[in-house]
Structure formats: C-alpha cells, structure tokens
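Quick notes on the structure that follows.
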2 protein chains.
Amino acid sequence: MERHATIADVAALAGVSVGTASKALNGRGSLREETRMRVREAARQLSFEANAGARSLHSGRTYTVGMITTDTIGRFSIPVLMGAEDALGAGEMSVFLCDGRDDPIREQYYVKTLLSRRVDGMIVTGRRTEARAPIGANLPVPVVYAFISSADPGDCSVVPDEAGGARKAVEHLLAVGRTRIAHITGPEHHNSARVRAAAATERLAEDGLSLVAPPLFGGWSEVWGRQAVGILLAGRTEFDAVFCGSDQIARGVCDALRAAGRRVPQDVALIGFDNWDVMTEACQPPLTSIDLDLEGLGRSAAQMLLAAINGSPSPGRHAHPCRLVVRESTVRESTTVLLP
Amino acid sequence: MERHATIADVAALAGVSVGTASKALNGRGSLREETRMRVREAARQLSFEANAGARSLHSGRTYTVGMITTDTIGRFSIPVLMGAEDALGAGEMSVFLCDGRDDPIREQYYVKTLLSRRVDGMIVTGRRTEARAPIGANLPVPVVYAFISSADPGDCSVVPDEAGGARKAVEHLLAVGRTRIAHITGPEHHNSARVRAAAATERLAEDGLSLVAPPLFGGWSEVWGRQAVGILLAGRTEFDAVFCGSDQIARGVCDALRAAGRRVPQDVALIGFDNWDVMTEACQPPLTSIDLDLEGLGRSAAQMLLAAINGSPSPGRHAHPCRLVVRESTVRESTTVLLP
DNA sequence: ATGAAAGCGCTAACAG
DNA sequence: CTGTTAGCGCTTTCAT
C-alpha cells in the first residue's frame, strides 16, 4: 500500500519547483510544452491525485454536496438519490450520503458533519411527502428539499404533483368510459392518501360525478387491497373501475377481483399509483399506473441546488408532474404507452 | 446566508490567539477553565464548525470512506449500504456514495475522485454475487468488497453464504417431512442460481435423495414462477415441496399452485430466497424464506474496513451466514420464527 | 518560462 | 497558562 504522492514529490521527480508543477498540472500560466509533459509524466508515474482538501482551502469550494434522508433510505429515496447523483455528477460533484433514520439527533449531527466538511450545498429527502421542519435556520449553504418539503415556504422544495397525478388517473378512467369509480388507498393520516383522494373526488366533481363510495382508507399493502375488495363487494355498490392509492393495493385488488370472478379490465378497470415495476409487471394483467418520476424530480432538485450554489436560488415549492403509464388493466391488448 | 466562521474569527471574538482557541476547542493543552468557556461561547455564537479539510492536512485522515456500487443502486445494495453506514457511523465516519452504473469508465473516475478526496478506505458493492475484477491495483487505501467479491483472492471480500442458505432451505423442507422436492430458479448464467441449485442438490444427496426433476432455470420473476409450475404440472412428476431461487419466483409459484388447486403448505411446501418483505408478506400464505442478512453483511464489511484502516486487514473471502425465516408456506399455523 | 514566497484554516511544537 | 511559529498540500501572485 503506497503512500499518497504530494505535488512536491512530483515536482522533485520532474526537476521543477512546486509552483511550476501546479501550473503544469492545471494548465495555468505559460510553460514550455516540454516541461508540462515532463511534469505530467512524473505525476502519472507516481499516481498523483491532488489533495482535494488542500485544494479547497483556496477555492473555497469542495465540489461536494450532502444528501440527508430524514427517514431510512428506501424505495422512494433511491430514485431521487440517483436522479440527483446523475445531475450532480454531470457538474463534477460528489455526493455525501447520510441516513437520518427518523432520528432528529442523528440528523442534526449530520448537518454539522456536512458543514464541517464544507459541502457546497445539501439535499434533504425522505419517504413521506409531508412537510417537515427546516433542517436548520440560516445555514451557510443552500438547501433543497426533494420529495418531502420544508414547512418554511421560503425554502426550496421539489415535490411530486400528487394531486395532478390523481387527476390524471381519474381522467384516464373517464377516457376509457368508466364512470362508477371506487377509490382504495392508504392510511388517512398519510398526507399522500388524503391529497390523492381529494384530488380524485374533485376531478370527478368537475364532470358532475362522484366516487361510488367514500374513499376506503387502510394501509398501503396488498393485504389491504384484498380486504377492501371484500368490503366493496359486501356493500351493494356497483363499480366499473377502481383507482388505488398504491400499486401494492392495486395488485391486491386485482387478485381479489379475479378470485371473485370479476374480469380486469372488462368488468373493472384498475389503476395504481407509483408505477413500481415489481407490482405492475407481476399483476395479471399488467397494471396501469401513475409514475411519480422520482428520478426526474431528483434531477430537478439537484439542478436547482447547483443554480443556488451559483447564486441563483429558486425559493418556494415546486411541483414536479406525474406521468400516466397505460397497461392492460385499463385498456385491452394495449402495448405499454407513456402519456405526458 | 452567513459565511463560514474560521477559528481566527472565534479567537478574535474571544480575545485569544488562534493557538489557544484551537486548544480550547479540542480540549488539548492546559487552559484556564474560564478561557476555555469563553472560546467555546464565541464558537457557539458564530456557529463555528472546524474545516475538516484543513484539519485533515495534519491528521492525514479524513474520517470518510467511499462506497462504490458497480451496478446501479438497488434492492440489494441498499441494506448493505445501510449496514455499512451503521458500522461506520459508530466509528464517526462519513460515507461518500458513488453509483457506478455498470460503467467501468465511471467507476475508475470515481476511484480517482475518492482518492483525491483522501478517503480512508473504500467499500465496493453490487447487485450480483459474481466475482469481479479488482477496482484497482496497489491502491493507497484499503478496499473491502461487500456482496460481490474481488477476483483477486488476496483482496478482502464479504459475501453471503448462498450455498449454506440453500442447504438450510433443503434441511428445513426435510425437517417438515418433505422428500419430493423441485427447484425453480433464475437464469443459469447467474452465479447465484448455479450455486444455490448445486448446493441444494448436494444437500439432498447427503440424505440419499435427489431433486424430483432437474433445476428449472429461467428468470427471477413471478411470471417465470407461474410458467415453471405449468411445466412442472405438465410433466407427470409428483412433488411435495418447491424450493425457489427467489421470493418473486416463489410468489408466482404459489399463485399458480393455488390456481391449479394445490394447497400450500398441505400439498406443497414452499420456500423462497431473499426474505423480501414485500413478497413474503403478500404471499398467500406468508412465505418461508432464506434471509441473506445483507445489513449484517454490510456491517461486517465495514468493520473489516475499519480494522484494515487501523492496520489490521482481513485478506481473503469471508462467507456471511444466511438465516432461515419460517412462515406458513412450510408450516401450518406457525407464528413467524427465526432460526439461526 | 520558471522559482520563491505568501497564505488558505488548522494543529502542534516551542517559547515565554 | 497563553502566544508565537512552523508546516500540512496546494494555488497564486510576484520577481527573476
């Protein structure tokens, strides 16, 4: 295990001063081409990599951003994280990852750590779309909230347009000729469940319609989806479509409907939410769903952060549009189609 | 947005020299308690956080490790990552995350980036358990491979004991009285599929038994699980248990068996692999599975890295044991039981 | 075109 | 007990 070479080692090997070596390596100043090459060769030979910490003492920048997940890293934070990593990587920035584990103490510890490492900015993300307390007041670096949002309306937050997504779901069901729509979703204390239910109701009202029954709030799981169908069938309500708050619920609904002898989509059109491949593909038939475009959201958040770092912040709450992805649970024989 | 305060600012505000301020803040040297408090108070007032980069110029350490995923971050790398983050966090270390995206160029770029940032060590992980080319030769910092392994047997790799896991699965089926066991698994070109199939076969042979049919290689999906049951039923082979290479396959198998009128577990005992909650919980009945303990694996890898950083490397390949998790797909009416 | 020297923020000797 | 000084690795004037 070799030691790290310093620029002094390189200079010595090339027979020049450190100042010259620095210029040669960074393409500054005016040097003889021959000298430049000699230094470059020495650096290569020693596997020299400039010490970023020392370097940032001058530039004041670290080309690093911190990413804090408030709760545990999971299915929702990953795509956000990847999208952000993508956009930041293009800007030659690295990402520090910090897993908050729903622990405010841990979170504050990480904020301090990131600040001491002089990150150029921070992205805060999490599993729920609920607004949360700002991660700190008057921080010396810009912060962007992605997926979750900050309770301070002056902070920059990028959130999925869940209401818009729910409206798209309803519009699609209407477009394929369904009017007797039921809604099965997650726990009422989840912001997402409430927002989506409200938006669906509202969109139906615009066409003079309403849900065939009040929204069924429960859990986000397949098990709940199956139970909910039981409840729906036990009531005498007729329905020709079900809009579900998650793909897992939809999958459960689908299985239960089939077990009860109802065909999807002929008798009942079915649409989920999240566009989670594991569920949409395994569902019989494949499931139409609403995609949150989390990767795009993460990318967008990162771009706003980069802009803020460069002096052009985008304060406020930014809604990132959802996408409808049509599959056979709403339209027979369709090949998969993406609509904007 | 305030600027970062320097220790000079703190010293000035407290009316002492920077040297004294440094000692006060780090608890070194001998200072009057009053002075120490005065400096601390000044630091607090200015929200001073020592510049980690400048600090590491002296210590030579950054208290940072880099984590590179060879392929994209996903369901398998997350728990590894979290386990590692856990163990490293306890050692006051931060994690740099780099997403390799299966691109060797990208990967090498990240290795350089991490080295220039003077990480104290690196963890390399990925989605497949296959051995991969070392990430670099003769690097100046220790490297541990987690989940995946390095092709160089001298490198430190921590991998799940998949063969042991497959043996546990078979032993459990034998323990609940099944002897006519089928095996449905992923693509044959996947190392995991081959290893698990071979180990299952071998374990049966130790009891003078064999699989009722050659392993059915296909995909890792539910769809393939359902298809495979069709194949199995079309042949005239009798079977009283199915060991599946993944939980998704098992879930598909379960659905198809039920559709064919076979009861799980009465007619056919069913066991999966991965212990992925989404599948094991939604399966009817809940699915017995083999848990790779990826979080423990990540933790273990991180501990080895910490040890290596402190001068005690653990070269070679280390197998991390799998755990059997019993649910109702193999045992009726059981509450969930964990076996070692 | 090149070298010498100052300084980024911090710590650690060494004086006083 | 406290201040001064040197130096970590690098960049950037300013001389030469």
Between [atom2] of [N] and [atom1] of [X], the distance in whole Å:
X     : N      : atom1 : atom2 : answer
A:I7  : D:dC8  : CD1   : C1'   : 14 Å
B:H58 : D:dC8  : NE2   : P     : 9 Å
B:K23 : D:dT4  : NZ    : C1'   : 9 Å
A:L31 : D:dT12 : CG    : C1'   : 13 Å
B:R36 : D:dT2  : CZ    : P     : 9 Å
A:L57 : D:dT11 : CG    : P     : 11 Å
B:E33 : D:dC1  : CD    : C1'   : 13 Å
B:N51 : C:dC8  : CG    : C1'   : 9 Å

Consider the side chain of [X], meaning its heavy atoms from C-beta on, and name the nucleotide among [options] that approaches it most closely.
X     : options               : result
A:V16 : C:dG9, C:dG3, D:dT11  : C:dG3
B:R32 : D:dC1, C:dT11, D:dT11 : D:dC1
B:F48 : D:dG9, C:dC10, D:dT11 : C:dC10

Closer than 4.0 angstrom, basic N to acidic O: yes or no for [X] and [Y]?
X      : Y      : result
B:R127 : B:D102 : yes
B:R101 : A:E85  : yes
A:E41  : A:R38  : no

Quick one: label [X] by what it contacts on the DNA or RNA (base, sugar-phosphate, nothing), any heavy atom closer than 4.0 Å.
X     : result
A:S22 : base
A:S30 : base
B:T35 : sugar-phosphate

Q: Compare side-chain N and O positions of B:R28 against OP1 and OP2 of C:dA12 and report whether any pair is under 4.0 Å apart.
A: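 True: B:R28 side-chain N/O within range (under 4.0 Å) of C:dA12 OP1/OP2.
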
Q.
For B:R38 and B:R118, find the nucleotide of DNA chain D closest to each by heavy atoms; which residue's nucleotide sits nearer the 5' end?
A. B:R38

Q: With DNA chain D as reference, determine whether A:R55 or B:T20 sits nearer its 5' end, using the nearest nucleotide of each.
A: B:T20

Q.
Is the positively charged end of B:R106 above the ring of B:Y109, judged by distance under 6.0 angstrom from the centroid and angle within 45° of the axis?
A. no

Q: Could you pull out the closest heavy-atom pair between B:V159 and B:R317, with the gap in Å?
A: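 Shortest heavy-atom separation between B:V159 and B:R317 comes out as CG2-NH2, 3.7 Å.
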
Q: Tell me which of A:G29 and B:A8 sits closer to the 5' end of DNA chain C, going by the nucleotide each one is nearest to.
A: A:G29

Q.
Assuming nearest nucleotide by heavy-atom distance, tell me which of B:T6 and A:E34 is located more 5' along DNA chain C.
A.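 The residue closer to the strand's 5' end, by nearest nucleotide, is A:E34.
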
